[in-house]
Amino acid sequence: MKPFYLTTAIDYVNGAPHLGHAYEKVLTDVIARFRRMMGDEVYFLTGVDEHGQKVQMAAQQLGIPPQQYVDETSAAFRALLPQLSISNDDFIRTTEPRHKSVVSRLLQQLFDKGEIYQAEYKGFYSTRQEQFLQEKDRQPDGTWPELFGDVTEITESNYFFKLAGYQAWLVDFLTTHEDFIFPRYRQKQVLEFLKDPLNDLCISRPRERLEWGIPLPFDPNYVTYVWFDALVNYYSAVADTGQWPADIHVIGKDILVPPHAVYWPIMLHALGLPLPKSLLVHGWWSVNGVKMSKSTGNFIVPADYTGEFGVDALRYFLIREMNVGQDSDFTRAQFLVRYNSELANNFGNLVNRTLNMTTRFGAGLIPAAGPAEDVEKELQALWDKTRTEVIPLCEGFQFHTALDRTFAFITATNAYIEKRAPWKLGKSTAEADQALLRMSLATMAEALRLGAALLQAVMPTTTEKINAVLGYTPGASWRDELVWGSRLAGKKVAEALVLFPRPQPADKAPAKP
RNA sequence: GCCAGAGUAGCUCAGUGGUAGAGCAGAGGACUCAUAAGCCUUUGGUCGCCGGUUCAAUCCCGGCCUCUGGCACCA
């Protein structure tokens with residue numbers, strides 16, 4: 001069976017990774033892990049885009065070869081993956097031979113089919129910025145902004161891909177495939193965009209202007225520019241393995257129109273290749289209400305948070321806080337609220353008190369439960385409800401709500417413990433009380449195991465740790481693991497585990513004398 | 001301007017054609033296994049505005065207002 005194939009966008013390596021890069025990886029990883037848990041075989045691709053003008057210029061300024069430059073900068077992006085517990089199966093760089101050869105092959109194929117032609121391109125060119133300008137770049141008074149320096153109208157010969165001819169086909173495709181893009185309103189945006197006529201797509205740059213790219217196979221005086229390089233990574237990574245088409249391309253909203261929703265489907269269609277099944281378009285993070293920007297320094301470095309609070313805490317926050325497709329704001333205050341009240345107090349503390357009570361009142365062994373009474377039945381009923389709600393929510397990318405429901409179950413488990421008050425039962429020697437004590441210890445441990453299992457896609461390390469302290473090794477089928485049972489009876493638990501230590505408030509004066 | 005999304009308790013958000021919900025924050029309480037955590041109770045809202053459909057609308061329809069985002073190459 002063909003694996004479930006999903007991708008992230010590839011990152012352009014002219015800067016350091018920030019929260020936005022991290023989010024896309026985490027989101028895709030959560031989907032990948034969830035699909036694996038659901039029994040799919042998964043192929044998860046991510047990577048970097050290493051060609052282009054900005055890279056060439058940056059390398060030039062440093063006086064080093066571009067390859068050396070991208071070797072260094074892409075290392076930071078690669079290093080981000082283990083730092084975020086990303087379970088990718090492959091990592092592609094657009095400078096790799098496996099990629100370049102596929103790009104070459106596809107270009108030649110289109111050229112042979114007459115889908116690519118050469119033509120004169122006339123436009124306003126900024127020598128200082130080494131780029132063609134658009135009318136919208138003009139200032140209101142008609143002049144060009146200072147940053148472009150001298151602007152001259154020049155004519156340049158380039159290669160073009162016959163994009164415009166496929167416009168009607170694309171409109172028809174999108175109209176008949178309403179679920180191609182998630183969220184749906186994004187698809188409407190694309191159709192809106194397609195109400196205006198498309199131009200053919202310029203796919204080349206003359207070598208004297210841009211050298212750092214993949215040469216056109218039919219004209220070595222040019223390299224291909226951006227889209228026939230970057231987009232093709234999704235295909236080149238699996239061209240020889242029969243895994244195409246992708247099931248999901250996860251991308252940011254900035255690169256939906258036109259590249260992923262217009263260029264890419266048309267490119268594939270022109271090549272006679274199947275289209276990806278869907279595009280998942282996520283929103284952007286702002287920081288303290290302000291758009292993230294490298295120039296203003298308003299951005300979050302993921303390592304700052306994974307270092308201080310742990311990988312799972314950051315993953316949890318990103319997935320809990322953002323409604324996939326919408327934008328969200330990142331503030332340290334909001335992060336701390338979720339970390340303290342949800343992860344540390346509610347969840348982490350439940351783990352610790354469960355271990356402690358099992359150790360103190362059950363000699364460290366999880367007992368077998370007797371027949372469930374009403375209090376237990378109530379919790380088990382909530383569990384069944386939670387489980388049956390969470391899976392469809394995850395299938396529909398509503399991870400934030402899925403986490404909300406899961407944590408409601410965790411809260412209910414804390415409440416259950418209060419009802420049974422094992423610390424009181426532990427002081428009684430009456431057999432009825434002892435039976436209830438065994439039942440309550442077994443129930444809280446089982447609830448914890450189940451809650452942790454439901455969090456596995458988002459917080460894999462945490463789930464693993466909890467299973468470990470419960471002395472438990474889960475079976476192969478995740479869905480079977482979600483059934484309330486007595487798997488834990490007789491397991492030896494660890495004495496304590498503090499998963500999410502409360503941070504020391506930095507603004508508080510050092511305590512008592 | 002065009003298009004889209006959002007407007008529900010102080011904050012962040014769920015939600016349904018039939019007298020409004022959660023979490024956090026605030027207040028009070030009982031307890032003590034636990035990361036001074038957890039639990040219970042509680043204060044708090046004309047569900048953006050104006051019309052319409054309906055026995056009944058926060059939820060359906062129309063209009064308006066406000067905020068955010070997109071409109072050809074920054075996740």
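No experiment lies behind these values; they were computed from the predicted model shown. Labels below follow one simple rule: chain letters A, B, ... track the order of the sequence lines, proteins then strands, and each chain is numbered from 1.
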Quote, to the nearest angstrom, the C1' distance that separates B:G15 from B:G45.
15 Å
Using the C1' atom in both, what is the distance from B:U58 to B:G48, to the nearest Å?
11 Å
The nucleotide from B:A72, B:C31, B:A34 with an atom nearest the side chain of A:F193 is B:A72
Quantified in whole Å, what is the P atom distance between nucleotide B:G21 and nucleotide B:A9?
14 Å
Base B:A34 paired with A:N356 side chain (donor-acceptor, <3.5 Å):
no
Contact class for A:G20 vs. all strands (heavy atom < 4.0 Å): base, sugar-phosphate, or nothing?
base
Nearest-neighbour nucleotide for the A:A415 side chain, B:A14, B:C73, B:C39 considered:
B:C39
Is the A:F228 ring parallel, tilted or perpendicular to the A:F161 ring (thresholds 30°, 60°)?
perpendicular
Pairwise C1' distance for B:C11 and B:C50, with rounding to whole Å
29 Å
Side chain of A:R338, heavy atoms from C-beta onward: which of B:C33, B:U35, B:U12 has the nearest atom to it?
B:U12
Taking B:A22 as the reference, what is the distance to B:A30 when you measure between their C1' atoms (whole Å, please)?
24 Å
Does A:R502 put a side-chain nitrogen or oxygen below 4.0 Å from OP1 or OP2 of B:A37?
yes
Given that A:E418 and A:V250 both sit by RNA chain B, which one's nearest nucleotide is further toward the 5' end?
A:E418
Got a second to check how far A:T8's OG1 is from A:D29's CG, nearest 0.5 Å?
10.5 Å
From A:V250, A:I181, A:D247, A:I248, residue fulfilling side-chain contact (heavy atoms from CB on, under 4.5 Å) relative to A:S278
A:I248
Kindly point out which of B:A4, B:C33, B:A72 is positioned nearest to the side chain of A:R353?
B:C33
Of B:C33, B:G69, B:A14, the nucleotide closest to the side chain of A:H400 is B:A14
So which nucleotide does B:A20 pair with, by the Watson-Crick or G-U wobble rule with both distances under 3.5 Å?
none
Remember a base hit wins even if backbone is also touched, and classify A:T401 as base, sugar-phosphate or nothing at under 4.0 Å, heavy atoms.
nothing
Find the distance A:Q53:CD to B:C73:P and express it as a whole number of Å.
15 Å
Taking only the side-chain nitrogens and oxygens of A:N323, find out if one of them lies under 4.0 Å from OP1 or OP2 of B:A14.
yes
Of A:W284 and A:V257, whose nearest nucleotide on RNA chain B comes first from the 5' end?
A:V257
Is A:R360 close enough to B:C33 that one of its side-chain N or O atoms is under 4.0 Å from OP1 or OP2 there?
yes
Which nucleotide, in any strand shown, forms a Watson-Crick or G-U wobble pair with B:C71, with both distances under 3.5 Å?
B:G1
The side chain of A:N199 is closest to which nucleotide in this list: B:G69, B:C39, B:A72?
B:A72
Within a reach of under 6.0 Å around CD of A:E418, are more than 12 heavy atoms found that belong to other residues, nucleotides or ligands?
yes
Sugar-phosphate, base or nothing in reach of A:A344, heavy atoms under 4.0 Å
base
When both distances are under 3.5 Å in a Watson-Crick or G-U wobble arrangement, the nucleotide paired with B:G38 is none
Nearest to the side chain of A:D254 - B:C74, B:G5, B:C3?
B:C74
Taking any heavy-atom pair under 4.0 Å as a contact, classify A:D404: base, sugar-phosphate, or nothing.
nothing
Using the P atom in both, what is the distance from B:G10 to B:C49, to the nearest Å?
14 Å
Which part of the nucleic acid, if any, lies within reach of A:R184 when heavy atoms closer than 4.0 Å are counted: base, sugar-phosphate only, or nothing?
nothing
Considering every strand and a 4.0 Å limit on heavy-atom distances, what is the contact class for A:K427: base, sugar-phosphate, or nothing?
sugar-phosphate
Looking at A:N345, I'd like to know whether one of its side-chain N or O atoms comes within less than 4.0 Å of OP1 or OP2 on B:G38.
yes
Distance between C1' atoms of B:C65 and B:C13 (Å, rounded):
23 Å
When both distances are under 3.5 Å in a Watson-Crick or G-U wobble arrangement, the nucleotide paired with B:A56 is none
Base, sugar-phosphate, or nothing for A:I255, non-hydrogen atoms under 4.0 angstrom?
sugar-phosphate
Euclidean distance for P, B:G29 against B:G5 (whole angstrom)
49 Å
Is the phosphate of B:C40, meaning OP1 or OP2, less than 4.0 Å from a side-chain N or O of A:K419?
no
Under 4.0 angstrom, heavy atoms only, what part of the nucleic acid is A:Y23 near: base, sugar-phosphate, or nothing?
nothing
Evaluate A:T331 against A:N288 for side chain to side chain donor-acceptor pair (under 3.5 Å), listing each step before the verdict.
CA-CA 5 Å; A:T331 65; A:N288 299 316; 5.0 Å; no
When the ring planes of A:F182 and A:F397 are compared, do they come out parallel, tilted or perpendicular, using 30° and 60° as the limits?
perpendicular
In terms of heavy-atom contacts, does NZ of A:K385 have more than 12 from other residues, nucleotides or ligands at under 6.0 Å?
no
Reported OH-to-CZ distance for the pair A:Y316 and A:F500, which is rounded to 0.5 angstrom
9.0 Å
Using a cut-off of 4.0 Å on non-hydrogen atoms, how would the nucleic acid contact of A:F500 be classed: base, sugar-phosphate, or nothing?
base
